[in-house]
Amino acid sequence: MTVPRSRLSRQSKQAKQLRLTDTYDVLGQSSNSGLDTAEWEHVPGRSSEVSTAQVQLMRVKVRVEGTTLLVPIPHDLSADRTVSWLKEEASRRHYVLDGRRPVLSHLTKEGAALGDDDVVTDLVSDGDELVAVLQCWDLPPLAERYKQACEALKSTCYGNVRSIMQEASISQSLHLAQLSLRAQRIRPVFSALQGQCNLKVLDVSGNGIGDEGCSTLVKCLSSLENLHSLNLSENGITHKGVQYVADALGTGTGAMQLNMLQMLDLSFNSLSDSCSKFLSVVVASAANLMYLKLRSCSLTVRFFAEANSSISDTLRGLKNLQEVDMSWNALLDVGVESLLECLQSELVTKLDLSCTAPITSRAPLLCRHVSQFASRTNSALVELNLASCHLDGRCIEELIPCCMQLQSLRLSNNSELRAAGVSVVLRGAAAGGRLQSLDVTDCGIDGSETDVHLSLRNLLQGRTLRELRVSGTNLDALQEIWRSEWQDRTVCRVEPGQRLYLAVRETPV
C-alpha cells in the first residue's frame with residue numbers, strides 16, 4: 001500500500017522536531033526526553049559537547065600604558081595560570097594589537113603589587129582590571145621595524161631612510177631632513193618610532209609632511225619620552241597640524257608631557273595667528289623648553305591677542321627659555337612689546353626679531369621696547385638680530401644700552417642706517433667693551449667716512465671685536481684699520497656684492 005505524500009511529510013517534520021529537541025536537551029536547557037544530565041553524559045558522541053558547553057571563562061582586564069587588554073582564563077585551567085603567565089599573555093596580545101612587545105615589571109590591583117608565582121584566580125575576580133607596570137619595550141632594531149611598517153602599510157621601503165634609521169639606533173639622533181617624505185611616506189617612519197624611548201633628536205624638516213603627517217606623528221610622540229629636539233620646519237603645516245598635536249597632548253590632570261623637550265622648531269610653516277591656543281598647549285607640555293623657533297610662520301600682532309589663547313601666560317611660565325626666534329613675522333612694535341613682556345629677561349640670551357617691523361614708522365618704538373628689555377636688572381641678553389627692520393639713525397640711539405652689553409649684534413639690510421648710524425653702534429660697543437661680532441652689511445655705508453674710521457679704531461683698542469661683516473663703498477680703509485690692529489692674525493675675505501668679512505685667527509700665521 002502506498003503511503004500518502006502528506007503523511008510522509010508529517011512524519012519527516014516530527015522526526016526533525018525530535019532531533020532538535022534532543023539536541024536542545026543535551027545542552028541542558030530543556031528536558032522533554034526524561035533523561036537526566038548524568039544519563040546524557042553517557043550518550044555516545046555527546047560527552048565532548050557537554051564538556052565544552054559547561055566550561056566557563058573568567059575574564060581579566062590588563063591595562064598596559066594607554067591600552068586595555070581583555071584576557072580570558074578557562075576555569076578548568078585556572079589553577080595553572082599564574083600572574084607570571086598573565087604578564088606574558090598580556091605582553092603577547094599587546095604585540096599582536098600594536099606591534100610593540102612590552103616587558104612588564106609587575107601587575108598591580110588597586111595599587112598593590114601581585115606576586116609572579118601567585119595563581120590569578122586566588123587574587124582576581126571576573127571582570128577585575130589590573131594595571132601593568134612597564135619596564136621597557138622589547139623591540140626589533142629600528143631599521144627592521146621601519147621595513148615591517150612599510151610592508152604593513154604597503155608603502156615603499158627606501159634604502160637611504162633605512163640606513164639612516166639604523167644609524168639612529170646608535171646615535172639616538174634621527175635626521176631625515178629634505179628627503180621629500182610626504183605624509184604617506186613618513187607614516188612608516190613614525191610607526192617604527194613607537195617605543196623608541198632613547199631617541200633624543202628628531203629632524204624631519206623640509207619634507208612637506210603637512211597636517212596629515214602631524215596626525216601620524218602624535219601616535220609615536222607619547223613614547224619618545226627622552227626627546228630633546230624636535231624639528232618640524234618647512235613642512236607645510238598649518239594651525240590644524242598644531243591642533244592635532246595639542247589634542248593628543250591634552251590638558252589638565254593626566255595630560256601627556258614632553259618633559260625632556262628642549263628645542264622646538266616650527267619655522268617656515270604657515271601657522272597663522274589661529275595656531276595661538278593650540279601652540280600654547282604644546283609649549284605648556286614642554287616645561288623645560290630652552291629654544292623656540294617660529295621663524296616666518298605668518299604670525300602678526302594678533303598672535304598674542306587671539307581669543308581663548310593663553311600663549312602669553314604659557315611663555316611666562318617657561319623657566320628655562322634661552323633662545324627665541326620670531327623673525328620674519330609682521331609683529332610690529334606692539335607684537336614685539338607683547339612678546340618681550342612674556343619673556344624672562346634674566347634667562348633669554350638670544351633674540352631674533354629680524355624683519356618684524358616692515359613699516360618704517362614703527363621701527364623706533366620697536367627699538368625702544370628691545371632696549372628696555374635689555375636694560376632690565378640682571379638681563380642675560382647677549383645676541384640680538386634686528387636685520388631688515390627699517391632702522392635709521394633715530395632708531396639706533398634707542399639701542400645704545402643694547403650695544404653696551406651685547407656680544408653679537410646683527411643689523412644687516414637696514415639701508416637707512418648709513419655711516420652715521422653705524423658710528424653710533426661702534427661707539428656704544430666701545431663703551432660696553434663686550435661686542436665680539438657685528439654685521440652691518442647692506443646698511444648704506446661709505447667706508448671713507450672719517451667718523452666710521454675713528455669709531456672702529458676706538459672699538460678695536462679694547463680687542464674684543466673678533467668678527468665684522470660690512471658692505472658698501474671705499475672699504476679698503478676699514479680693512480687697513482683692522483690689519484693694523486690684528487696684524488698677522490687678520491682674516492680678510494672679499495665677497496661678491498662689495499661685501500667684506502674681517503675676523504681674527506686664534507694664532508698668528
Worksheet item: Quick check: does any side chain N or O of D203 sit under 3.5 Å from a backbone N or O of L176, one acting as donor and the other as acceptor?
Response: no
Item to complete: With sequence neighbours excluded, give me every side-chain hydrogen bond (donor to acceptor under 3.5 Å, both in side chains) pair touching residues 184-202.
Response: R145-Q196, Y158-R185, Q184-E212, Q196-N198
Worksheet item: Would a distance-only check, ignoring hydrogens and angles, find a side-chain to backbone donor-acceptor pair under 3.5 Å from N320 to M290?
Response: no
Worksheet item: Are any side-chain N or O atoms of N235 and backbone N or O atoms of N207, one a donor and one an acceptor, separated by less than 3.5 Å?
Response: yes
Discussion item. As an exercise, state the distance from CG of N413 to OG1 of T441, rounded to the nearest 0.5 Å.
Written reply: 7.5 Å
Discussion item. Does W486 have more than 12 heavy atoms from other residues, nucleotides or ligands lying within 6.0 Å of its CH2?
Written reply: yes
Practice prompt. Please report the shortest heavy-atom distance between V301 and G335, naming the atom on each side.
Written response: CG2-N, 3.6 Å
Worksheet item: Quick check: does any side chain N or O of Q257 sit under 3.5 Å from a backbone N or O of A286, one acting as donor and the other as acceptor?
Response: no
Discussion item. Could you tell me if the side chain of L174 sits less than 4.5 Å from the side chain of L199, heavy atoms only?
Written reply: yes
Fill in: Under 3.5 Å: donor-acceptor pair, side chain of D313, backbone of S310
no
Discussion item. Just to verify, which of D265, L266, V204 counts as forming a side-chain contact (heavy atoms from CB on, under 4.5 Å) with N231?
Written reply: D265
Worksheet item: With sequence neighbours left out, which residue pairs that include part of residues 367-382 fulfil the salt bridge (Lys or Arg N to Asp or Glu O under 4.0 Å) condition?
Response: R368-E398
Worksheet item: Which pairs count as side-chain hydrogen bond (donor to acceptor under 3.5 Å, both in side chains) when at least one residue sits in residues 491-502, sequence neighbours excluded?
Response: D442-R499, E467-Y501, R493-E495
Worksheet entry | Summary of salt bridge (Lys or Arg N to Asp or Glu O under 4.0 Å) pairs that have at least one residue in residues 408-417, sequence neighbours excluded | R410-D439, E416-R418
Item to complete: Apply side-chain contact (heavy atoms from CB on, under 4.5 Å) to the pair W482 and V504, showing each step before the final yes or no.
Response: CA-CA 9 Å; W482 191 274; V504 180; 3.8 Å; yes
Worksheet item: Does any non-hydrogen side-chain atom of L500 lie less than 4.5 Å from one of V494?
Response: yes
Discussion item. I'd like to know if the side chain of S163 reaches the main chain of G159, judged simply by a donor and an acceptor atom lying under 3.5 Å from each other, with no hydrogens or angles considered.
Written reply: yes
Item to complete: Quick one: closest heavy-atom pair of A363 and C389, and the distance?
Response: CB-O, 3.4 Å
Worksheet item: Looking at side-chain heavy atoms only, is the closest gap between I237 and D211 below 4.5 Å?
Response: yes
Item to complete: Starting from the C-alpha separation in whole Å, work towards a yes-or-no answer on side-chain contact (heavy atoms from CB on, under 4.5 Å) for Y244 and L217.
Response: CA-CA 9 Å; Y244 286 136; L217 168 66; over 6 Å; no
Item to complete: Measure the CZ-CZ distance between R295 and F268 for me, rounded to the nearest 0.5 Å.
Response: 4.5 Å
Worksheet entry | Side chain proximity check, S272 to T238, heavy atoms < 4.5 angstrom | no
Practice prompt. Dump the intermediate steps for side-chain contact (heavy atoms from CB on, under 4.5 Å) on F278 and V245, then the final yes or no.
Written response: CA-CA 8 Å; F278 307 124; V245 180; over 6 Å; no
Worksheet item: Does the side chain of L399 reach to within under 4.5 Å of the side chain of L409, using non-hydrogen atoms?
Response: no
Practice prompt. Identify the two heavy atoms, one from G213 and one from F190, that lie closest to each other, and give their separation to 0.1 Å.
Written response: O-CE1, 3.6 Å
Fill in: Flag, side chain of D333 to backbone of H369, donor-acceptor distance under 3.5 Å
no
Discussion item. A side-chain contact here means heavy atoms from C-beta on lying under 4.5 Å apart; do L318 and L343 qualify?
Written reply: no
Fill in: L435 versus A429, closest heavy-atom pair with distance
CD2-CB, 3.5 Å
Worksheet entry | Within-4.5 Å side-chain heavy-atom neighbours: R362 and V334 | yes
Discussion item. Whether the side chain of H453 engages the backbone of G447 through a donor-acceptor N/O pair (distance < 3.5 Å, no angle test) should be reported.
Written reply: yes
Practice prompt. Starting at CG of N329, measure out to OG of S267 and round the result to the nearest 0.5 Å.
Written response: 8.5 Å
Worksheet, complete the sentence: All heavy atoms of S280 vs all of T314, minimum pair found to be OG-OG1, 2.6 Å
Worksheet item: With sequence neighbours left out, what residues match L292 under side chain to side chain contact (heavy atoms under 4.5 Å, CB included)?
Response: L264, L289, L294, L315, L321
Fill in: Heavy-atom pair of closest approach, residues L465 and L456
CD2-CD1, 4.3 Å
Worksheet item: Rounded to the nearest 0.5 Å, how far apart are CG of L381 and CG of L347?
Response: 12.0 Å
Discussion item. Tell me whether S423 contacts the main-chain N or O of A419 through its side chain, where contact means a donor paired with an acceptor under 3.5 Å.
Written reply: yes
Worksheet entry | Close side-chain approach of L202 to L193, heavy-atom, < 4.5 Å | yes
Discussion item. As a quick check of understanding, evaluate side-chain contact (heavy atoms from CB on, under 4.5 Å) for S233 and K293, giving each step before the final call.
Written reply: CA-CA 9 Å; S233 61; K293 301 181 179 182; over 6 Å; no
Worksheet entry | Atom pair CD (Q436) and CD (E383), whose distance is rounded to the nearest 0.5 Å | 9.0 Å
Practice prompt. With salt bridge (charged side-chain N to carboxylate O under 4.0 Å, His left out) as the test, would you mind laying out the steps for E485 and R457 before giving the verdict?
Written response: CA-CA 8 Å; E485 181 62 41; R457 288 184 188 277; over 6 Å; no
Worksheet item: Between the main-chain N or O of S327 and the side-chain N or O of D352, is there a donor-acceptor pair closer than 3.5 Å?
Response: no
Discussion item. Quick check for you: to the nearest 0.5 Å, what is the distance between K350 atom NZ and L384 atom CG?
Written reply: 11.0 Å
Item to complete: Hey, could you give me each pair passing salt bridge (Lys or Arg N to Asp or Glu O under 4.0 Å) that has a residue in residues 422-438? Not counting sequence neighbours.
Response: R427-D451
